[in-house]
Amino acid sequence: MSSGGVNSRIGYIAFNTFREAVRDRVLYNLIAFALLLSGAAILVGEISIDIERLVVVNLGLTAVSLFGVVIAIFIGIGLVSKEIDKRTLYTVLSRPVRRWEFVVGKFFGLTGTLVVNTLFMAIGVFLALLYVAHKFEKMDAWVLVALYFIVLQFLIVCALALFFSTFSTPLMSAVFTFALFVIGSLAEDLRGFARITQGLGGWLATVVAYLVPNFSALNVISLVAHGDPVPGRLILYNSVYALLYSAMAISGAVLIFQRRNLK
Amino acid sequence: MTATRRANLVASAVLLLSMAGAMATLYAIDHMRRESVAQEALYVRSPKVLRRLSLGYTGLLADIYWTRAVQYFGEQHHNHSHDFRLLAPLLEVTTELDPRLLPAYQFGANFLAPKPPRGAGMPGAALELMKYGIQHNPGQWRLYYNLGFLYYTELKDYAKAADAFTEGAKLPVTNAFMPILAARMAQHAGEFDTARMLWFTTYQSTKDAQIRENAVEHLLALQVDEDVTRLEQVVEKYQQQTGRLPASMGDLERAGFIRGTPSDPKGRAYRLMPDGRIEVQDPQSIAFITKGLPPGAEPPQPRPVNAGH
């Protein structure tokens with residue numbers, strides 16, 4: 001089988017996953033996002049002094065992140081189980097599609113959905129910024145970096161949701177993924193605790209602290225809200241980290257899905 | 001090899017390599033962000049705002065901020081930095097989120113008060129922290145003890161140290177040494193004995209191995225400081241009697257001032273220098289010593305208690 005064949009099969013599954021998400025009205029969250037942001041942009045000027053930009057950036061980026069994580073979890077956990085329940089998975093796998101291609105295609109489909117969703121939200125954030133500040137400033141460019149980090153965050157969450165969905169029920173997958181998201185958001189403190197723990201406990205804590213996903217470094221919302229720059233090295237490291245961590249979770253998902261008895 | 005087996009092998013290899021790579025990258029990110037983590041933690045400095053943001057889980061948030069304070073102090077100390085400006089706000093947020101978090105007062109004051117590089121050189125902030133702690137935990141003798149300790153060691157305010165020990169001694173649950181310390185402070189007598197008693201009280205009132213080790217190091221250093229002071233007085237007496245400086249410890253022994261060759265608590269003989277000073281053989285072997293060091297030598301770097309290094 002040619003590699004072009006592999007790519008087209010993965011692309012086909014990814015596109016179908018995206019189309020299904022759109023059909024499931026996932027992008028309707030954009031309406032809630034638009035209402036939230038425009039409401040905040042208009043209201044904050046009335047009730048506070050000189051923090052309009054700060055509020056728009058903080059609220060906008062936080063909403064982008066949380067909306068996206070919720071979508072990633074709730075779609076990601078059903079990607080495999082829904083196909084089994086509706087018995088469509090058997091139709092897909094009866095064609096010349098390998099299991100790993102199915103998993104990878106699903107991953108790309110979900111991340112694609114989130115990237116499109118984030119793109120619309122990013123436009124919303126910049127429109128709100130323009131509304132409150134009447135012009136763009138140089139420091140607004142860092143908001144793009146924060147948005148890029150949020151997309152990296154989605155890569156990891158999607159990969160984790162997909163990983164859990166290959167062997168667990170949707171409810172438990174949601175619980176596991178959300179728990180890892182919370183733990184990962186406190187990962188730097190977790191590693192701090194591990195550093196000051198001695199002996200075997202310290203060693204175990206360090207291993208666990210390095211195995212859970214690190215979302216803290218991907219959250220630069222406070223930094224960019226204050227107009228502070230994001231170091232170039234952090235952009236590089238975070239990109240590498242998110243790609244490697246997603247690859248790790250996806251390969252774990254592939255290994256489990258390959259062994260799963262689907263009869 | 002079947003396609004399934006090949007896919008499994010590739011997936012296993014990717015899993016292992018990406019896991020190792022992710023951990024290595026995370027280590028690099030951590031290394032790079034240690035300074036900024038504490039700074040970012042303080043974007044919200046208002047404990048009231050943080051209290052609301054914590055949705056009632058203030059205890060957990062206080063634990064997190066306390067860990068950040070310890071990490072921050074440990075990092076700055078490890079890097080020999082003299083810049084500790086984030087320490088006081090981190091401790092303030094910690095103790096306002098959980099006013100009953102006693103280690104934050106006890107260690108926090110210890111981090112804040114001493115001069116750099118041993119501490120942040122902010123005795124005023126340390127005093128404020130201890131007073132806030134006593135205000136919210138009036139039944140804790142240890143906080144009065146720490147306050148007295150602070151007045152004695154860092155501020156040399158013996159009257160206020162005596163007041164703190166006296167107040168602590170009045171509590172229903174207290175330490176037997178508290179009234180004695182109060183009396184000693186009031187008399188301002190026997191510097192070495194008083195300091196020894198303070199560190200001994202610290203040693204016997206805790207189960208924490210690191211604090212005990214720290215107290216033992218201080219007790220050893222006190223022994224050296226006292227020995228060197230006493231030996232230099234002996235050298236002075238010898239000079240007064242003979243009109244010249246002793247050439248060796250043997251001269252002092254033959255003149256009947258000392259018996260045998262005096263040695264430091266690690267068993268190394270003290271050295272008599274040509275100018276009559278007494279020096280320890282290995283200045284880096286005993287932390288906290290202030291005497292017996294070669295001219296211009298920096299006091300040995302002690303390890304910070306519980307600071308992660």
Side-chain angles (χ1 to χ4, degrees), chain A residues 1 58 98-101 103-104 156 186-198 202 206-207 209-214 216-223 225-226 228 230-231 233-234 236-259, chain B residues 2-44 57 60-61 63-75 78 107 208-210 304-309:
Chain A
M1 204 173 287
N58 275 327
R98 290 178 189 144
R99 290 189 183 196
W100 72 266
E101 292 169 349
V103 172
V104 174
I156 299 176
L186 300 168
E188 267 165 358
D189 293 304
L190 194 65
R191 288 195 295 284
F193 278 122
R195 267 201 291 275
I196 58 172
T197 311
Q198 308 283 326
T206 306
V207 171
Y210 273 88
L211 267 182
V212 296
N214 174 48
S216 335
L218 289 169
N219 187 343
V220 289
I221 297 175
S222 298
L223 201 72
H226 289 273
D228 292 340
V230 181
R233 264 197 315 155
L234 186 65
L236 176 72
Y237 287 159
N238 272 346
S239 307
V240 173
Y241 176 76
L243 290 176
L244 287 171
Y245 201 93
S246 310
M248 179 176 89
I250 291 298
S251 44
V254 167
L255 280 173
I256 293 170
F257 195 58
Q258 293 270 74
R259 284 171 172 75
Chain B
T2 64
T4 309
R5 195 170 157 71
R6 198 166 53 230
N8 280 344
L9 275 176
V10 172
S12 304
V14 172
L15 176 74
L16 291 175
L17 289 175
S18 52
M19 189 189 284
M23 282 181 157
T25 316
L26 186 52
Y27 184 79
I29 292 172
D30 268 0
H31 201 69
M32 183 186 151
R33 274 173 53 86
R34 271 178 196 169
E35 169 77 5
S36 59
V37 167
Q39 278 172 354
E40 282 169 28
L42 285 168
Y43 267 127
V44 182
Y57 299 103
L60 178 64
L61 202 58
D63 295 346
I64 289 170
Y65 269 85
W66 169 232
T67 308
R68 284 174 176 169
V70 173
Q71 288 296 310
Y72 173 72
F73 179 74
E75 280 307 316
H78 183 67
F107 290 105
D208 187 294
Q210 286 190 62
V305 175
N306 216 2
H309 288 289

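The figures here come from the full heavy-atom set of this structure, side chains too, leaving out hydrogens, waters and symmetry mates. Letters A, B, ... are given to chains in the order of the sequence lines, protein chains preceding strands, and every chain is numbered from 1.
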Between Val254(A), Ile250(A), Leu255(A), the one whose heavy-atom pairs under 4.5 Å with chain B are most numerous: Leu255(A)

Most contacts with chain A, counted as non-hydrogen pairs under 4.5 angstrom, among Asn8(B), Val10(B), Thr25(B), Leu26(B): Leu26(B)

Show me the pairs that pass side chain to side chain donor-acceptor pair (under 3.5 Å) and involve residues 244-255 of chain A, at least two apart or across chains. none

Could you look at Arg259(A) and say if it's the side chain, the backbone, both or neither that has a heavy atom under 4.5 Å from chain B? side chain

What donor-acceptor contacts under 3.5 angstrom involve side-chain atoms of residues 13-24 of chain B, with partners at least two apart or in another chain?
unit_1	atom_1	unit_2	atom_2	d
Ser18(B)	OG	Met248(A)	N	3.3
Ser18(B)	OG	Val14(B)	O	2.5
Ser18(B)	OG	Leu15(B)	O	3.2

Does any backbone or side-chain atom of Leu211(A) lie under 4.5 Å from a heavy atom of chain B? Answer side chain, backbone, both or neither. both

Find the distance between OG1 (Thr206(A)) and OH (Tyr27(B)) and round it off to the nearest 0.5 Å. 11.0 Å

